Amino acid sequence: MRVRICRAKAEGRLKAPPSKPLGIRLIFASLLTDVHLSELPSSEDFYAALDAVKSLGVSVEGNSLLRPTAIHLKTNYLNLRGSATSLRFIIPIVALVGGRVTLDGDESLRRRPLYDIIPQLTRMGVKVSSNSLPLTIEGGIGDNEFHLSELKSSQYISGFIYALALRGGGSVEFPPNLGSMSYVRLTAEVLNSVGAKVRVEPGRVEIERGPTTSFRGPIAGDYLLSSFYAAAAILTGGEVEIGGLLSPASYFGDHSIVDLFSEMGASSYFNYGRWKVAAGDLRGIKVDVDDAPDLAPSLAAVAVAADGETVLTGVERLRFKESDRVSTIVSTVDAFGAVARGVNDEIRIIGTRKLRRTEIQCPNDHRIAMMAGAVGAASGVLIEKAECVNKSNPKFWEDLSKLGVKVELL
Ligand SMILES: O=C(O)C1=C[C@@H](OP(=O)(O)O)[C@@H](O)[C@H](O)C1
Ligand SMILES: C=C(OP(=O)(O)O)C(=O)O
């Protein structure tokens, strides 16, 4: 699908799309307790998570995900589409719970690294047929204390937390400098909210299984999926108000985008459940995104028009996302007329006041497509393969249009 966007001010109010990381965690929590959602979410990654938990015995009745009496694999093949989160959650769960299943994904997921965890699982006694998808895994190991070495993703730690909560408790140790720890903290928050006792320390997580309580409510809004609407307003001199968001957590994470946009000179603040954003005199900043790598495309979307240089550090693992995001962020920024470089563990962006209309071939990366959509609202853009936003936010183009941006689906 191609999308043509013409310059127009983005302004208005909208409800944040449901949080991808939070929603996937609530879906996986249905392995431990009943989860009654206000509505079932609809994106490719949410469908992958629902398929994953249904393959382990969860039943879906209306908007309720009902905990199975016993966790066991009900299928011998499971396709996780493009979701590395669901893939790296279910691998430790099958490793501990047992059973045999072939896991697969789309061409993007097949490129994502598993060579960091598979040899470690094999040494633990898990049978795994390959270091990449498609692979067949046969689990059933009895340990409840795990010591992991270098990993490319924090998602395995979250997966082990779920697996050990299912087992009734245990611990997992890992290198204290592991990145993306904000997502491990989110896993602990979700499981603690339904009665587990998860304690996160540097390099170690301890899990106890308390008496669980069911979850009832909506999936709260996603700060970073919302940040592309905010960026469109900032870049076009508009103003947006985004509702449905939880108060930002105290630790550094996806929600830090509110303060980071403010540091870049936009008017950006959270008040009574609503994120209010308006344009301002933009300036470059320096941010270490290692603990929340998904911030990078959202920061780059505003950095293209900021005076001076924006430096994103801690970006090495961005190379292993849906695309090599170091190179796709750099090429997208350059296409709009700003200047970007990917050097070692940094992305350096020098903004411009003269953004240019361009064409973007979306590299099957939803965040890059939404970044191009946000900047395109200020310069005009033609985006190929724009359907890739369906991974996390199928309503993105429709929402952008509701904010007054001229969006044409071709
Ligand atoms: O646990 C999660 O929900 C996620 C963890 C991060 O991946 P890594 O831990 O591989 O950095 C992030 O990029 C991804 O979008 C979601
Ligand atoms: C990398 C992402 O997701 P996942 O790792 O779950 O595929 C993302 O949403 O940017």
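Predicted, not measured: the structure shown is a model, and the values here were computed from it. Read the numbers this way: they start at 1 and go in the same order the structure lists the ligands and their atoms.
In terms of protein heavy-atom proximity, atom 10 (O) of ligand 2 is closest to R367 NE, 2.6 Å. At the shortest separation from atom 10 (O) of ligand 1 among protein heavy atoms lies S153 OG, 2.7 Å. Distance from atom 9 (O) of ligand 2 to its nearest protein heavy atom, with residue and atom name: K20 CE, 2.8 Å. The shortest contact between atom 12 (C) of ligand 1 and any protein heavy atom is with D294 OD2, 3.3 Å. Closest protein heavy atom to atom 3 (O) of ligand 1: R25 NH1, 2.9 Å. Taking atom 4 (C) of ligand 1 as the reference point, the nearest protein heavy-atom neighbour is Q155 NE2, 3.3 Å. Here the heavy atom of the protein found nearest to atom 8 (P) of ligand 1 is K321 NZ, 3.3 Å. Remark: minimum distance from atom 6 (O) of ligand 2 to any protein heavy atom is reached at T85 OG1, 2.5 Å.
Within a 6.0 Å radius of CG in N344, no more than 12 heavy atoms belonging to other residues, nucleotides or ligands are found. Remark: N63 CG is packed, more than 12 non-hydrogen atoms of other residues, nucleotides or ligands lying under 6.0 Å away. Within 6.0 Å of CZ in R204 there are more than 12 heavy atoms belonging to other residues, nucleotides or ligands. Heavy-atom contacts from other residues, nucleotides or ligands closer than 6.0 Å to CZ of R110 number more than 12.
Between D106 and R81, no side-chain nitrogen of the basic residue sits less than 4.0 Å from a carboxylate oxygen of the acidic one, so the salt-bridge criterion is not met. A salt bridge does not link D34 with R67: none of the charged nitrogens is closer than 4.0 Å to a carboxylate oxygen.
Heavy-atom proximity to K20, at under 4.0 Å, picks out these atoms of ligand 1: 15 (O). Atom numbering of ligand 1 starts at 1 in the shown order; those under 4.0 Å from a heavy atom of R317 are 8 (P), 11 (O). Listed by number with element, the atoms of ligand 1 under 4.0 Å from a non-hydrogen atom of P21 are 3 (O). Using a 4.0 Å cut-off to heavy atoms of Q155, the atoms of ligand 2 that qualify are 4 (P), 5 (O), 6 (O). Close approach of ligand 1 to P293 (heavy-atom distance below 4.0 Å) involves ligand atoms 11 (O), 13 (O). Close approach of ligand 2 to G82 is summarised as follows: ligand atoms under 4.0 Å from at least one heavy atom of the residue are 7 (O). Those atoms of ligand 2 with a heavy atom of E322 less than 4.0 angstrom away are 1 (C), 2 (C), 3 (O), 7 (O), 8 (C), 9 (O), 10 (O). Applying the 4.0 Å criterion to heavy atoms of R88 picks out, from ligand 1, the atoms 10 (O). Residue D294 has at least one heavy-atom neighbour below 4.0 Å for each of these atoms of ligand 2: 8 (C), 10 (O). Close approach to T85 involves these atoms of ligand 1, each under 4.0 Å from a residue heavy atom: 2 (C), 3 (O), 4 (C), 16 (C).
To the nearest 0.5 Å, the span separating NE2 on H36 from CG on L66 amounts to 6.5 Å.
Partner of E322 under the side-chain hydrogen bond (donor to acceptor under 3.5 Å, both in side chains) criterion, out of R367, R111, K391: K391 alone.
Between the side chain of D143 and the backbone N or O of E145 there is no donor-acceptor pair closer than 3.5 Å. In terms of modelled atom types and a separation under 3.5 Å, the side chain of N393 and the main chain of V389 share no donor-acceptor contact.
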Please walk me through it: do R4 and E408 pass salt bridge (Lys or Arg N to Asp or Glu O under 4.0 Å)? CA-CA 5 Å; R4 178 184 291 129; E408 209 182 341; 3.1 Å; yes
Between R317 and D290, does the salt bridge (Lys or Arg N to Asp or Glu O under 4.0 Å) criterion hold? Intermediate values first, please. CA-CA 8 Å; R317 286 178 303 109; D290 187 46; 3.1 Å; yes
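Geometrically, ligand 1 and S158 share no nitrogen or oxygen pair separated by less than 3.5 Å. Distances between N or O atoms of S180 and those of ligand 1 include at least one value under 3.5 Å. The shortest N or O to N or O distance between K391 and ligand 2 is below 3.5 Å. The shortest N or O to N or O distance between S154 and ligand 1 is below 3.5 Å.
Across K321, R325, R112, heavy-atom proximity to atom 5 (O) of ligand 2 is greatest for R112.
Between the side chains of Y156 and D116, a donor-acceptor pair is found at a separation under 3.5 Å. A donor-acceptor contact under 3.5 angstrom links the side chains of T136 and T102, judged on distance only.
Heavy atoms of H366 approach ligand 2 to within less than 4.0 angstrom.
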